[in-house]
Amino acid sequence: MTATPTTTTSRPTTVTTPTGRPSRFTDRFRGATNSTWFPYLLVAPLLLILWGYVVQPMLTTFAESASEDGTANYTSFLSGDGVARSSLITSLVISAASVLLCGIVGVAMAFLLKRFSFPGRRLIEAIILVPAALPPLIGAISFQLLFSETGILPRGLQQLFGTESAVLPFSGIAGVLVVHTFTMYPFFYLAASAALAGMDPSVEEAAYNLGAGRVRVWRTVLLPMLTPALVSASLLVFMTSLASYTAPLLFGVEQTMTMQIYINRTNGDLPMASTYASVLGVVSVLFLLGMRWYEGRRSYRSQSKGVAARRREISNPFGRWFALGGSLLATAVLLAPVATIGIVAFSLDGSWTTQVLPTDYTIENFKTIFSDPDAFQPILNSLQMSLLATAGCVVVGVLIAYAVRRLTFVGRGLLDVAVMLAWALPGTVVAINLISAFSTGNAFSFGQVLIGTFWIMPLAYFVRFLPLVFRSSSATLAQIDPSLEEAARNLGASWWRAFGSVTLRLMLPGVIAGALLAFVHGVGEFVASVLIYTSSTAPISVEINNRMYSFEVGTAAAYGMLQVVLIFVVMVVSGRLDSGRRASREAAQWTN
């Protein structure tokens with residue numbers, strides 16, 4: 001019996017899923033993410049969102065301004081002595097004066113805290129930024145309660161000196177400048193202190209060793225090195241002052257661009273309001289482009305090659321005590337507005353009339369805003385609308401940051417500018433743009449009229465605060481090595497898996513910090529809200545304004561304290577996230 005040999009033929013093994021479809025789909029998608037058109041596929045919906053909710057509303061506002069007697073509207077800005085021209089000039093003058101005053105205060109504080117060594121300097125450096133963190137409405141109200149004709153300080157001086165009228169009250173343009181100076185000087189302080197801290201001390205030492213005096217060193221060495229920081233801060237302060245609305249509103253300066261937008265809107269003259277918004281938008285965008293051009297063009301670098309010596313700090317006993325006294329005085333002045341809100345929040349509504357300080361105190365104001373359904377509704381509205389807007393900002397802002405930082409495609413710079421365009425537009429202009437675009441249904445509102453509905457408010461917050469999440473995410477992404485994501489993809493991870501499990505996790509602290517900022521800004525937003533809210537969608541800031549006009553000052557201040565506490569919580573959390581990022585960077589430095 002002969003055994004017949006059997007022949008086996010080996011064939012390539014093919015592993016398939018029961019249907020085979022998921023495997024083919026995954027392979028196709030993985031191939032698509034490697035193709036050259038994938039960046040355009042990812043960026044196209046982002047561009048569509050920016051076009052629909054930022055650019056297209058701007059164009060609609062311009063069309064609205066030119067629809068009815070548009071030539072006369074725009075001519076009024078260039079000729080004659082009308083309100084339009086004087087409002088433009090007043091806004092520009094206030095902005096220029098704000099730059100000058102903020103520059104003096106900010107640079108002086110930076111010099112005091114960076115060049116003098118005295119006990120408690122670190123604590124003062126932390127406190128000094130508090131006014132910048134206050135919501136604009138709360139900041140303006142606190143200064144009004146403190147420095148206006150009926151404020152605590154002028155009344156206190158009146159009682160002290162026994163005069164018939166309040167002493168040194170601030171009103172009109174002077175009041176606006178006081179608010180701007182105390183809330184915007186941190187732009188100069190941060191820029192100047194960073195420039196002073198990063199300056200090579202050997203250059204300054206060399207100038208002193210060559211016989212130059214302090215004035216000459218400041219004129220020929222320090223000021224030229226500070227120039228880029230001062231110019232950037234000047235542009236920021238100028239743009240912020242130009243967009244200011246709450247300070248002119250509370251101090252009664254009606255002939256400014258933002259106030260005229262509000263007045264024409266409430267009077268039903270939307271074409272004229274659109275004209276003001278278009279002019280203000282163009283001026284703001286020009287300043288934004290000018291700032292970007294300057295930052296990219298100017299570069300002041302020390303050519304020193306010597307060993308950096310320890311920075312010369314002024315240790316003269318008289319100078320140190322003078323610096324300590326001046327800094328403590330400045331800190332007291334800066335914290336006084338927050339203390340004022342805290343005191344008034346516990347005052348009984350209607351009890352504070354002609355006295356220097358409230359006489360009757362209660363906790364009923366806080367009980368009211370949390371127990372009365374009508375009083376609690378604005379808090380609920382603000383939280384809901386701000387959360388919705390923040391969620392949209394996180395999704396869109398993170399994807400745009402990734403596209404700008406990681407992908408290569410035509411028009412990447414244009415996408416960057418389109419995002420920051422919303423940051424350059426004042427809140428009043430954003431509101432008018434949305435009113436012009438969504439008073440009728442269109443493709444971006446799915447055919448629905450959004451004005452007068454709940455949804456227009458989160459949309460306005462989304463447009464205003466998207467740049468915060470974008471910038472924070474982009475800055476974090478810039479510090480992450482792209483090779484980590486490339487390594488994950490080389491090991492077989494899909495684009496989505498590498499993005500979600502590597503890139504997104506590493507940039508999470510920056511995303512959370514930006515989201516917290518967007519959320520807290522949304523809760524305190526007033527400028528756009530006051531133009532588009534309804535009685536059922538009034539947020540906290542609008543309720544504060546309404547309570548102030550109803551002389552319910554204590555309840556209004558209680559809402560304000562709630563916002564201040566929220567801001568401090570966010571600052572603490574952001575500080576812990578920043579510490580975490582620094583710890584991660586230091587750990588990476590030692591482990592790599």
Side-chain angles (χ1 to χ4, degrees), residues 50-95 235 238-245 248-249 253-292 414 417-440 442 444-445 450-451 456 459-460 463-464 466-467 527-532:
L50 292 177
W51 170 263
Y53 301 114
V54 179
V55 181
Q56 183 256 349
M58 284 180 59
L59 299 178
T60 309
T61 298
F62 178 74
E64 180 73 36
S65 67
S67 60
E68 294 182 18
D69 203 12
T71 306
N73 289 343
Y74 283 103
T75 304
S76 63
F77 282 97
L78 304 174
S79 61
D81 298 324
V83 175
R85 187 183 184 188
S86 62
S87 298
L88 180 60
I89 292 174
T90 304
S91 292
L92 294 175
V93 169
I94 289 176
S95 300
L235 289 170
F238 195 91
M239 287 176 60
T240 310
S241 301
L242 203 62
S244 175
Y245 170 72
L249 173 68
V253 183
E254 293 188 351
Q255 291 197 1
T256 63
M257 295 291 286
T258 51
M259 281 297 294
Q260 287 303 312
I261 290 174
Y262 174 76
I263 291 171
N264 282 281
R265 160 63 180 157
T266 51
N267 290 338
D269 191 355
L270 188 57
M272 195 61 200
S274 300
T275 306
Y276 278 100
S278 298
V279 172
L280 188 55
V282 167
V283 174
S284 301
V285 170
L286 286 177
F287 270 94
L288 173 68
L289 296 177
M291 187 166 62
R292 291 176 63 86
L414 193 62
V417 171
V419 179
M420 295 311 295
L421 194 62
W423 185 248
L425 295 178
T428 48
V429 176
V430 170
I432 292 296
N433 289 347
L434 295 179
I435 291 169
S436 302
F438 297 109
S439 293
T440 58
N442 59 40
F444 296 102
S445 63
L450 296 184
I451 298 301
I456 193 65
L459 180 59
V463 171
R464 290 209 67 193
L466 173 63
V527 180
S529 303
V530 75
L531 288 172
I532 56 177

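Fair warning: this is a prediction, and the values are worked out from it, not measured in the lab.
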S.K.: Nearest 0.5 angstrom please: Thr275 OG1 to Leu270 CG, how far?
M.R.: 9.0 Å
S.K.: Roughly how far, to the nearest 0.5 Å, is the OG atom of Ser284 from the CZ atom of Phe238?
M.R.: 9.0 Å
S.K.: For the side chain of Ser445 and the backbone of Asn442, is there at least one donor-acceptor N/O pair under 3.5 Å apart?
M.R.: yes
S.K.: Would you say Glu254's side chain and Gln260's backbone share a donor-acceptor pair under 3.5 angstrom?
M.R.: no
S.K.: Could you report the tightest heavy-atom contact between Ile532 and Ala460, atom names first, then the distance?
M.R.: CD1-CB, 3.7 Å
S.K.: For residues 424-434, run the donor-acceptor check on the side chains, cut-off 3.5 Å, and write out each pair with its distance to 0.1 Å, sequence neighbours left out.
M.R.:
{"from": "Asn433", "atom 1": "OD1", "to": "Thr61", "atom 2": "OG1", "distance (Å)": "2.5"}
{"from": "Asn433", "atom 1": "ND2", "to": "Val429", "atom 2": "O", "distance (Å)": "3.3"}

S.K.: Applying side chain to side chain contact (heavy atoms under 4.5 Å, CB included), can you list everything that pairs with Leu286, at least two apart in sequence or on another chain?
M.R.: Val282
S.K.: Looking at OG of Ser278 and CE of Met58, how far apart are the two atoms once the value is rounded to the nearest 0.5 Å?
M.R.: 8.0 Å
S.K.: Hey, are the side chains of Pro57 and Phe444 touching, using non-hydrogen atoms and a 4.5 Å cut-off?
M.R.: no
S.K.: In Å, rounded to the nearest 0.5 Å, how long is the span from OG1 of Thr90 to CE of Met259?
M.R.: 12.0 Å
S.K.: Do you know the tightest heavy-atom contact between Arg464 and Pro467?
M.R.: O-CD, 3.5 Å
S.K.: So, do Leu466 and Leu50 sit near enough that their side-chain heavy atoms are less than 4.5 Å apart?
M.R.: yes
S.K.: Taking only residues two or more places apart in sequence or in another chain, which ones pass side-chain hydrogen bond (donor to acceptor under 3.5 Å, both in side chains) with Ser529?
M.R.: Tyr461, Glu525
S.K.: Let me confirm one number: the OG-OH distance from Ser91 to Tyr276, rounded to the nearest 0.5 Å.
M.R.: 9.5 Å
S.K.: Please test Ser95 against Leu92 for side-chain contact (heavy atoms from CB on, under 4.5 Å), starting from the C-alpha separation and ending with a verdict.
M.R.: CA-CA 5 Å; Ser95 300; Leu92 294 175; 5.7 Å; no
S.K.: Applying ring pair (Phe, Tyr, Trp, His ring centres under 6.0 Å), can you list everything that pairs with Phe62, at least two apart in sequence or on another chain?
M.R.: none
S.K.: Answer yes if the side chains of Gln255 and Ser86 hold a donor-acceptor pair under 3.5 Å, and no otherwise.
M.R.: yes
S.K.: What's the spacing between Tyr245 OH and Leu531 CG if we round to 0.5 Å?
M.R.: 6.0 Å
S.K.: Between Ile435 and Glu64, is a side-chain contact (heavy atoms from CB on, under 4.5 Å) present by the stated rule, with each step listed?
M.R.: CA-CA 10 Å; Ile435 291 169; Glu64 180 73 36; over 6 Å; no
S.K.: My understanding is that only residues two or more places apart in sequence, or in another chain, count here; which of them pass side chain to side chain contact (heavy atoms under 4.5 Å, CB included) with Asp269?
M.R.: Asn264, Pro271, Met272
S.K.: Are the side chains of Phe438 and Leu459 in contact, using a 4.5 Å heavy-atom criterion?
M.R.: yes
S.K.: Sequence neighbours left out, what passes side chain to side chain contact (heavy atoms under 4.5 Å, CB included) with Ser244? Give chain and number order.
M.R.: His180, Ala247, Pro248
S.K.: Taking Met257 as the fixed residue, which of Val279, Val283, Ile94 is the one that meets the side chain to side chain contact (heavy atoms under 4.5 Å, CB included) rule?
M.R.: Val279
